[in-house]
Amino acid sequence: MRYQTLLIDFDGTLFDTRDAIRQSLQALTALHVMQPFPPDAVDAVIDAGLTLDDMLRYLIPDMAIARLTRLAEDYRQIYNGGAGIRASSPYPDLAATLGKISAAGIEMILVSNKGEVSVRATLDHHGLTGFFRDLVGLAGKPDPTGFHQRIAPHMAASHPAAVLVVGDTPADLLYARAIGARGCWARYGYGNEASCRALAPVAAIGRLNELPAVLMIDDTGMVEAAPGHGRP
């Protein structure tokens with residue numbers, strides 16, 4: 001059985017969004033006349049791959065839920081108002097890599113804990129949206145509920161063993177485990193190395209353009225018979 005469906009993360013896997021998140025959080029604290037968040041705390045939430053709500057709860061643990069909800073709304077307005085596109089950069093060879101995978105007939109679904117609006121806007125800006133059969137935002141990784149409700153009923157893969165989850169943080173690799181799929185760690189991204197290696201991904205890539213080799217796509221665009229197991 002070869003991989004039929006690729007579930008791929010956004011932040012730290014397809015795009016470097018660290019500066020976009022940092023700048024949006026800085027603008028958020030300025031808007032609400034708050035002390036800026038400590039840089040090491042901001043990097044910690046980025047590296048963990050948290051949802052926006054969990055990120056804000058980590059940064060402001062004692063704030064009331066209603067206040068956190070308002071902050072989340074304002075953050076999204078800042079990020080989606082242009083900061084997300086301006087300060088995000090595609091990783092090298094992104095378009096070529098997606099094109100090679102698409103030409104090989106492997107279904108790609110983007111699965112992100114980020115909101116769909118911001119993900120779609122960035123992909124549209126770079127002309128990449130058409131490579132994906134679907135975009136699933138606010139996925140709640142590593143919780144598998146969204147996968148069973150929003151992805152599994154419609155994906156090409158007939159069994160989770162034919163699904164490869166590609167991402168850079170423990171949240172992505174735990175998500176793969178939770179849905180019964182295999183995980184590929186994008187080690188060039190944000191996740192802590194020890195934490196990611198401890199989750200035993202079947203493969204690890206140091207650059208995005210190494211992903212076709214994990215999928216066993218040769219230089220002609222053909223896919224070999226069995227899924228690849230690159231060594232992490």
Side-chain angles (χ1 to χ4, degrees), residues 1-15 49 90-91 93-124 126-169 171-186 189 201-205 207-230:
M1 179 184 294
R2 69 175 178 86
Y3 295 120
Q4 298 172 301
T5 298
L6 183 65
L7 305 183
I8 191 163
D9 183 46
F10 182 79
D11 298 275
T13 303
L14 298 182
F15 278 79
Y91 283 110
D93 302 314
L94 174 56
T97 299
L98 295 179
K100 195 169 188 178
I101 296 169
S102 179
I106 297 175
E107 171 186 63
M108 288 185 284
I109 301 173
L110 195 150
V111 183
S112 176
N113 282 345
K114 188 187 290 293
E116 184 179 325
V117 171
S118 59
V119 172
R120 187 178 294 277
T122 303
L123 292 175
D124 285 348
H126 291 273
L128 300 170
T129 309
F131 285 117
F132 300 95
R133 190 189 66 74
D134 199 5
L135 307 180
V136 177
L138 302 178
K141 295 180 290 185
D143 189 318
T145 303
F147 169 79
H148 295 299
Q149 293 178 345
R150 303 166 63 186
I151 299 173
H154 312 292
M155 69 181 184
S158 57
H159 190 276
V163 175
L164 184 68
V165 175
V166 183
D168 64 306
T169 70
D172 300 299
L173 301 176
L174 286 168
Y175 179 71
R177 181 178 293 182
I179 66 175
R182 300 173 184 185
C184 173
W185 173 39
V202 298
I205 53 175
R207 292 175 58 87
L208 186 59
N209 62 11
E210 295 172 10
L211 183 55
V214 174
L215 297 167
M216 302 296 284
I217 301 172
D218 65 22
D219 290 337
T220 68
M222 299 296 293
V223 181
E224 297 184 24
H229 291 189

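Note: hydrogens, waters and symmetry copies are ignored here, and every other heavy atom, side chains too, is used.
- To the nearest 0.5 Å, the span separating NZ on Lys141 from CG on Asp172 amounts to 4.0 Å.
- Nearest heavy-atom pair, Thr5 versus Glu107, reported as atom, atom and distance to 0.1 Å: OG1-OE1, 2.6 Å.
- Side-chain atoms of Ile8 and Val166, non-hydrogen and from C-beta on, do get closer than 4.5 Å to each other.
- The minimum heavy-atom distance between Asp9 and Leu14, with the atom names listed, is O-CG, 3.3 Å.
- Separating the CD atom in Gln149 from the NE2 atom in His154 is a distance of 10.5 Å, to the nearest 0.5 Å.
- Side-chain atoms of Ile106 and Arg2, non-hydrogen and from C-beta on, do get closer than 4.5 Å to each other.
- Once rounded to the nearest 0.5 Å, the distance linking OG1 of Thr169 with OH of Tyr175 reads 12.5 Å.
- Of all heavy-atom pairs spanning Cys184 and Leu211, the tightest one is SG-CD1, 4.4 Å.
- Leu110 places none of its side-chain heavy atoms less than 4.5 Å from the side chain of Phe131.
- Considering CZ of Arg207 and OH of Tyr91, their distance stands at 11.5 Å, rounded to 0.5 Å.
- At a threshold of 4.5 Å between non-hydrogen side-chain atoms, the residues Phe10 and Leu123 count as touching.
- Atom CG of Leu128 and atom OG1 of Thr122 lie 10.0 Å apart (nearest 0.5 Å).
- Between the Thr97 side chain and the Asp93 main chain, a donor and an acceptor come within less than 3.5 Å of each other.
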Exercise for review: Quick one: do Val202 and Leu164 satisfy side chain to side chain contact (heavy atoms under 4.5 Å, CB included)? Show the steps, please.
Suggested key: CA-CA 9 Å; Val202 298; Leu164 184 68; 4.2 Å; yes
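- When every heavy atom of Leu173 is checked against every heavy atom of Pro201, the shortest pair comes out as CD2-CB, 4.1 Å.
- Just one residue in the list Leu7, Ile109, Val111 forms a side-chain contact (heavy atoms from CB on, under 4.5 Å) with Asp134, and that residue is Ile109.
- Taking the side chain as every heavy atom from C-beta outward, Phe147 and Met155 approach each other to under 4.5 Å.
- Across all non-hydrogen atoms, the minimal contact from Asn113 to Gly49 is ND2-O, 3.2 Å.
- The two residues Leu98 and Met108 have their closest heavy-atom pair at O-CE, 3.4 Å.
- In this structure, CG on Leu6 lies 12.5 Å from CD on Gln4, to the nearest 0.5 angstrom.
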